Every structure is written in structure tokens, then in C-alpha cells.
Amino acid sequence: MKVLLIIALSIICISTTFAQPLVKLGHTFNIPIGSEVTVPITIEDTIPITELGGFDLTFIYDSLLTLQSVTMGQLLINCQWEYFTYSQPQPFEVHIVSIADINNGSSHPTCFGDTFGILADITFLVNGGDLQKLRWKWYDCGDNTFSSKTGDLLYLSDQVYAYDGTSFHNITYDTTFPTGNGAPESCVSAGAIRMYDFYNGGISVLQPDTVPPIASCPNDTTVSTDPGACGAVVTFTAAVYDDKPGATISCEPASGSYFPVGTTTVVCTAVDAVGHTDTCNFTITVEDTEPPAIVCPADMSVDNDPGLCGAFVSFSYSATDNCSIAGITATPPSGSFFVAGMNRVDVVAVDDAGNADSCFFFIMVNESEAPTIVCPNDTIVVNAPGDCGAVVEFSPTADDNCPIVTITTSPPSGTFFPVGNTPVEAIATDAVGNADTCYFTVTVIDSEPPLITMTDIETPNDPGQCGAVVSFTPTVTDNCPGEITVSTNPPSGSFFLLRTTQVRIIATDAHGMTDTGFFNVTVYDDENPVAICPDDIIVPNDSGVYGAVVDFNLQGTDNCTIVTMTSTPESGTFFEIGVTPVEVVARDFFGHTDTCSFTVEVYLADTDNDGVVDLEDNCPLDSNPDQIDTDNDGIGDACCCTDRGNVDNVVNQSGYPSDISDLSFLVEYLFGGGETPPCPEQANVDGVIGPSGAIDVSDMSYLIAFLFNGGNPPPPCQ
């Protein structure tokens with residue numbers, strides 16, 4: 001059974017002026033199961049912009065449909081297109097290709113881009129189901145395309161629409177590609193142009209309707225009255241749900257009706273195509289939210305009643321409402337007594353729903369009698385402790401015909417008044433601004449002397465001085481500003497000795513008030529004395545003992561006076577053989593100390609430098625390292641001195657102890673490696689034991705001077 005396809009597709013709500021050419025898979029309704037149905041592929045282009053030369057289309061169909069045939073559409077037949085074929089690349093998929101003119105010359109075809117027509121007819125056997133969908137499918141950019149007459153342009157999909165059985169929905173640009181639902185989001189192809197809108201189709205299967213519709217009402221609704229009305233026009237939307245098309249719903253009262261203040265029940269009835277019904281209901285409550293409109297009189301100005309501080313005043317007012325007024329009141333009410341000055345009257349109107357409106361206006365009661373003020377006498381006070389002035393309080397008085405009188409003073413009572421004379425102005429003002437003025441004087445006397453603050457000073461002596469120059473600045477404060485004269489005795493910067501000195505301070509402020517104070521300056525000795533030690537002392541032992549008595553001088557300096565100089569051991573002490581440290585302490589009058597140290601070294605004397613100390617030498621003055629004592633008398637043989645200067649120990653013919661032979665012997669011994677003089681003590685011509693021993697060059701010089709230059713003869717032997 002074939003059902004005529006309504007090509008106009010009038011139930012599809014789309015614009016009559018298409019932005020793009022439209023390619024549609026057809027859709028049919030109420031097709032019985034087991035019958036055949038032919039679905040067209042149509043093209044609509046109210047303003048042709050291309051001349052088509054061919055197309056390549058692919059679509060898929062539901063598994064409950066069986067494909068019977070695909071034939072060339074009437075548009076192609078009328079235009080005498082020469083090539084048309086189809087194939088099924090996969091189950092439930094159809095691929096259609098058609099070309100207008102292959103190679104038959106210019107006589108075919110007769111038309112290309114027509115405005116409306118059927119490109120192909122597809123026949124299916126309906127095997128079951130409800131809505132069997134037909135959908136365009138894309139594998140790549142070359143699918144579902146139209147080519148131009150000359151074959152140099154390729155036209156692609158611009159928009160794709162799904163069909164759900166009643167309406168179309170835009171599904172262009174699926175997120176995946178290829179897809180059976182929408183065109184690719186982007187497509188790169190030489191000469192490709194996006195122009196065509198593709199619409200999916202479907203076959204609606206006819207089935208018995210045994211399910212009633214479902215009526216769906218909105219929730220209970222509360223609205224406010226329309227402006228100026230005691231009700232409201234209310235619109236609402238009720239819905240019907242059914243498994244078959246054609247169901248309707250209606251409500252009583254209908255949407256858009258006028259609903260009065262209060263609650264109204266709305267009943268909605270749903271009816272499907274075969275007469276099944278369902279009902280629902282909801283309420284619409286209209287609340288009066290519009291307040292009444294109140295009108296107050298203009299502000300009023302009246303004079304006070306004679307002898308009264310106010311007046312009795314009457315007035316009128318009114319109000320309107322969209323419904324009805326419940327009451328209107330004024331506070332204070334008309335005819336009340338209003339006191340002198342500005343009075344506010346509040347008027348409130350309330351309707352039956354409790355909505356209220358208010359207004360207010362003012363009643364000015366004028367009062368022209370001025371008050372009378374009385375000032376206190378001039379006031380004299382002393383300053384407050386620590387302040388250059390005082391807080392002074394006073395109380396002017398006033399009388400008036402009205403009880404409300406304000407008294408102000410400049411400066412106010414309780415204000416701080418500085419030392420000196422301050423005029424005070426007092427003003428009494430009644431409730432309406434009438435005023436009276438009087439004056440008096442407040443005098444504050446400064447009775448507080450300045451305050452001296454100075455702490456005792458302790459300071460060390462100046463370097464090298466037995467005292468210090470001390471400078472100080474006493475801190476003097478006063479309750480009043482102004483110059484303060486300060487004198488001190490002794491003055492700041494004086495030289496203070498090492499002791500405690502009392503300093504007197506006298507401070508006088510700008511008002512002649514004087515204060516005297518004292519503080520102490522104590523200079524203490526903070527400088528140590530300087531102990532001065534002698535150089536280290538090196539001495540030989542005293543004759544016959546293993547040590548020596550050593551004397552030395554102790555010295556020191558101090559900024560004041562050295563009291564004691566002590567050493568350990570003391571000067572004049574017997575020092576044993578060896579090195580002894582000596583610690584010296586200098587102490588001044590204040591107990592400060594300084595120390596230094598030196599050493600005393602006592603060594604065993606070896607007068608003749610023969611390596612045998614004098615205490616053990618049997619001949620200490622003559623070198624005799626072998627200690628030969630032939631006669632064993634305890635005196636060494638070297639102690640042979642008879643005639644000092646007789647170097648060769650030969651008796652001279654001249655009768656003198658020394659002659660030229662002695663000089664020759666001595667020179668040979670000192671410079672020529674000659675024999676040692678037989679009696680070294682006699683060869684010690686000058687009798688002096690020098691650093692190099694008993695016999696040295698000085699002996700040669702002494703002998704030359706004696707023999708040739710008239711010098712002294714050699715000293716006698718000891």
C-alpha cells in the first residue's frame with residue numbers, strides 16, 4: 001500500500017524564505033504495518049544560485065524497514081538527466097549517484113538547477129515499530145555533495161536537521177566524524193562550498209490508540225493585582241502528553257482571563273484524537289498588593305494662640321484605593337494643640353487587604369516673645385595644678401513665656417580657660433529662635449612656679465686631669481608656655497674636682513614664679529696610675545757569696561697623686577744566683593693600680609775569664625784554667641804579679657818594670673800567635689779586666705803611651 005507523500009511538508013515549522021537550498025528525506029504518517037511506502041528525496045531552492053550537474057548522496061534507514069527500490073525522481077526525468085544508480089555499501093545503507101549529462105552533446109539534459117522537485121523515490125516495506133527514522137550519513141568530505149553543471153565546483157552541507165516525528169532540530173557539527181547524525185565540523189576540499197541544508201526524514205507507523213492523554217497543570221499560582229484594578233489578568237500554560245499525535249487541552253477559566261482578588265480554581269481537560277480525556281486543576285490566588293493613595297494638605301503656618309505657647313489647629317485629608325479603604329487616621333488628629341515651633345503630622349490610610357500608604361506635612365506655630373537672660377558676675381580663679389588655665393563652670397539663667405529655652409555660652413561652661421582675661425557671651429534662645437544676650441569676664445591667675453627636674457650626675461675624670469669639665473642642661477617645665485630663665489651655680493661647663501659638688505638651680509617663668517632646686521655633680525677617678533719599671537738588671541755575685549744585694553729605683557705617674565710604689569722582691573733585697581722576676585705595683589689615692597715587671601739576673605763572676613768562677617778560682621784575677629798550685633798553698637801559680645807591665649817576666653836592666661821587650665812580647669801574643677805571658681796579671685798593663693778578658697789591645701796602647709809618649713806607669717799589683 002502506498003501513501004501519498006505530502007511534498008509541501010506543511011506541518012514543518014520553517015521559514016518560507018530559505019537561507020540555503022534544502023535537501024530533504026521525506027516523512028509520512030499513519031503507515032500500517034506490512035504495507036509499502038514510497039519516500040521522496042526532494043530539493044527546494046526558491047532562489048537558484050547554481051545549476052546542478054550531479055549529486056552523490058548516502059543515507060541509512062531503520063532495521064524494521066526493507067528496501068524495495070530506488071528510482072529516478074520526477075525532477076530528473078523532466079530534465080532528462082541521463083545517469084542514475086544506487087547501491088548498498090552496508091546493510092540498511094543506500095548510496096545514490098546521478099549525473100545530468102555524460103557525453104551526449106549539448107542536446108541533453110533540458111534543465112539543471114530547478115527550484116523544486118523530487119530527486120529520487122525510495123520504496124520500503126514497513127515491518128513494524130513506531131517511528132522508523134531515515135538519516136543522512138557522512139563518511140568523509142565527499143559524501144552528500146552536489147556538483148555544478150561544469151563540474152568545477154563541489155557543494156557541501158551547511159546545516160543538518162534531525163526529525164523526531166513532529167519537528168526538526170539543528171544537529172550540525174557533531175563532535176565525531178564520520179557520523180550518521182550531522183555534517184563534519186570542517187571539511188577541506190578543493191573548490192568545496194558549503195551551501196545546502198540537509199533534513200532527515202521518517203516513517204510514522206499507524207498503531208491502535210488505547211492510552212488516554214495526560215493533562216498537566218501548572219503549580220498553584222499567586223499573583224498581585226493589576227495596577228488600579230481589584231483583580232488581575234493571568235496567563236498560564238497547561239500541557240497534554242499522549243503517545244499519539246492530535247491530543248489537545250483546554251482550561252476553565254481560560255488563560256488570559258480576569259481573576260478577582262481571592263482564590264479561583266482552574267480546571268483543565270485533555271482530549272486525544274479518539275476522544276480519551278484526562279483532567280487536572282490548580283488555583284490562582286490574586287492578592288491585593290496595591291496600597292491606597294493618600295493626599296495630605298500643604299504645610300501650614302499659624303501664630304500661637306494668645307497667652308499660650310502653641311495653638312489649636314484643624315486640617316483635612318483624603319485617600320483612594322483600587323479596592324476599598326478600611327480606615328484613615330492622622331497623628332496628631334485635626335483640632336489638636338500644637339506647641340510653638342515645627343510640628344509634624346503623619347497621616348496613614350489602610351485598605352481591606354492591609355496595604356497602607358502614608359504622608360506627612362508640617363504645622364509651624366510661630367512664637368514672637370523673646371526670653372530674658374541674666375549673666376553671673378565676673379569670675380576670678382587660679383590655674384588648675386599643672387595647667388596654664390582652669391576649667392570654669394557657670395550658670396546663666398533665663399525666663400520665657402514658653403518653657404523651652406536654650407542657653408548657650410561662648411566659651412561654654414566647663415571649658416578650659418587660659419591664664420588671663422577671657423570674655424564670655426551668653427545667649428538665651430527660645431523654641432522659635434527669639435534670643436537675648438549678656439556678657440561677663442573669666443580671669444585665670446597663674447599661681448604655679450616652674451618645675452625643675454635634674455638628677456645627680458656622676459662622671460669620670462677627664463683624661464690626665466684630677467677632675468672634669470661637666471656640662472649639664474636642667475629640665476625645667478611650667479604649666480604655662482613662655483620664656484623660662486634658668487641659672488646655675490657653679491655654671492654648666494665648669495671644672496669640677498674629684499669630689500661631690502652641689503649645684504644650685506634657680507628657674508623663673510614668664511609670670512615671675514620662681515623655683516629653686518639642687519643636684520650633685522660627683523667626679524670620680526677612673527684613671528689608673530702608670531707604673532714605670534727599670535730595664536732588666538744583670539749583675540755579678542757579691543764577693544764571697546752566691547748572690548748579690550741589688551738596689552733599683554721605682555717610678556710611676558698618675559693624673560692625681562701616686563700614693564705607694566711597691567715591688568716584690570723589694571729594692572736592696574739579696575738576689576740568689578739566676579734570674580728573678582720583680583713585680584712592681586703603683587697605687588693611687590683612690591686605690592687604682594698599675595703593674596709592670598722586670599728581671600734581676602745575678603751571675604757568678606769570672607774576672608779573669610778563664611772559665612773558673614771567682615768563688616772557685618785559686619787565682620781570680622789571672623787566667624789559670626788549669627788551676628795549678630805548685631806549693632799547695634791555695635793560691636795558684638798564676639797569681640805571680642810583682643811588677644805590672646813586666647810582660648815577659650824578665651828583670652829589666654834599666655830598673656823599670658817595662659821596656660821595649662815587654663811591648664814586643666805583648667804584640668806577638670796578641671797578633672802573632674806568640675807565647676802566653678808567663679804572668680798574665682803582669683801582662684794586664686792597665687790593670688783593667690775588659691769584656692774580652694784581662695789582656696787585650698788596651699794594654700798594648702797603655703804600654704806604648706808609657707814607653708813613648710810620657711804616659712803613666714802601669715799601676716801596682718794588688
Side-chain angles (χ1 to χ4, degrees), residues 386 388 448-538 550-573 579-601:
C388 191
E448 187 171 336
L451 177 63
I452 299 172
T453 304
M454 189 67 195
T455 57
D456 292 344
I457 297 175
E458 291 188 5
T459 184
N461 64 289
D462 291 343
Q465 301 295 319
C466 198
V469 174
V470 181
S471 297
F472 45 81
T473 302
T475 301
V476 181
T477 59
D478 193 37
N479 60 313
C480 289
E483 182 179 358
I484 300 176
T485 302
V486 180
S487 62
T488 62
N489 184 26
S492 174
S494 299
F495 185 82
F496 289 78
L497 297 176
L498 293 176
R499 64 185 182 187
T500 298
T501 303
Q502 187 181 70
V503 179
R504 181 182 183 186
I505 308 172
I506 300 176
T508 304
D509 66 14
H511 298 110
M513 304 300 295
T514 299
D515 186 26
T516 301
F518 299 90
F519 70 96
N520 294 325
V521 174
T522 301
V523 181
Y524 58 88
D525 186 10
D526 193 41
E527 190 169 336
N528 293 331
V530 178
I532 303 174
C533 281
D535 295 336
D536 293 341
I537 298 173
I538 301 175
V550 181
D551 294 313
F552 43 82
N553 292 325
L554 301 179
Q555 297 181 350
T557 62
D558 188 49
N559 59 314
C560 288
T561 303
I562 294 286
V563 176
T564 59
M565 292 290 298
T566 59
S567 65
T568 303
E570 298 178 353
S571 176
T573 299
V579 178
T580 302
V582 180
E583 184 75 19
V584 178
V585 178
R587 186 181 303 274
D588 66 11
F589 181 80
F590 297 97
H592 301 124
T593 61
D594 187 34
T595 61
C596 64
S597 61
F598 66 97
T599 59
V600 172
E601 180 181 355

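All values derive from a computational prediction rather than experimental measurement.
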Can you tell me how far apart [atom1] ([X]) and [atom2] ([Y]) are? Round to the nearest 0.5 Å.
X: D526; Y: H592; atom1: CG; atom2: NE2; result: 6.0 Å
X: Q555; Y: C596; atom1: CD; atom2: SG; result: 10.0 Å
X: E448; Y: D478; atom1: CD; atom2: CG; result: 7.0 Å
X: T561; Y: F590; atom1: OG1; atom2: CZ; result: 9.0 Å
X: N528; Y: D588; atom1: CG; atom2: CG; result: 7.0 Å
X: E583; Y: C533; atom1: CD; atom2: SG; result: 7.5 Å

Polar side-chain atom of [X] near backbone of [Y] as donor-acceptor pair, under 3.5 Å:
X: S567; Y: V584; answer: no
X: D456; Y: N520; answer: yes
X: N559; Y: Q465; answer: yes
X: E527; Y: G464; answer: yes
X: T595; Y: V585; answer: no

Indicate the atoms forming the closest heavy-atom contact of [X] with [Y], along with that distance.
X: T473; Y: M454; result: O-SD, 3.9 Å
X: P491; Y: S494; result: O-OG, 2.7 Å
X: P529; Y: D594; result: O-CB, 2.8 Å
X: E601; Y: V579; result: CG-CG2, 3.7 Å
X: P474; Y: T488; result: CG-CG2, 3.9 Å
X: P569; Y: P581; result: CD-O, 3.6 Å

So with a 6.0 Å cut-off around [atom1] of [X], is the heavy-atom count from everything else above 12?
X: F589; atom1: CZ; result: no
X: E570; atom1: CD; result: no
X: D551; atom1: CG; result: yes

(request) Answer whether the closest heavy-atom distance between the side chains of I538 and D536 falls below 4.5 Å. (result)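 A side-chain contact under 4.5 Å is absent here.
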
(message) What I'd like to find out is whether the side chain of I457 reaches to under 4.5 Å of the side chain of F496, using heavy atoms alone.
(response)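 Side chain of I457 against side chain of F496, heavy atoms only: no contact under 4.5 Å found.
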
Extract all donor-acceptor atom pairs below 3.5 Å that involve side chains of residues 500-515 and protein atoms in other chains or at least two apart in sequence.
from : atom 1 : to   : atom 2 : distance (Å)
T500 : OG1    : T522 : OG1    : 2.8
T508 : OG1    : T514 : OG1    : 3.3
D509 : OD1    : H511 : N      : 3.0
D509 : OD1    : G512 : N      : 3.0
D509 : OD1    : M513 : N      : 2.7
H511 : ND1    : D446 : OD2    : 2.7
D515 : OD2    : I452 : N      : 3.3

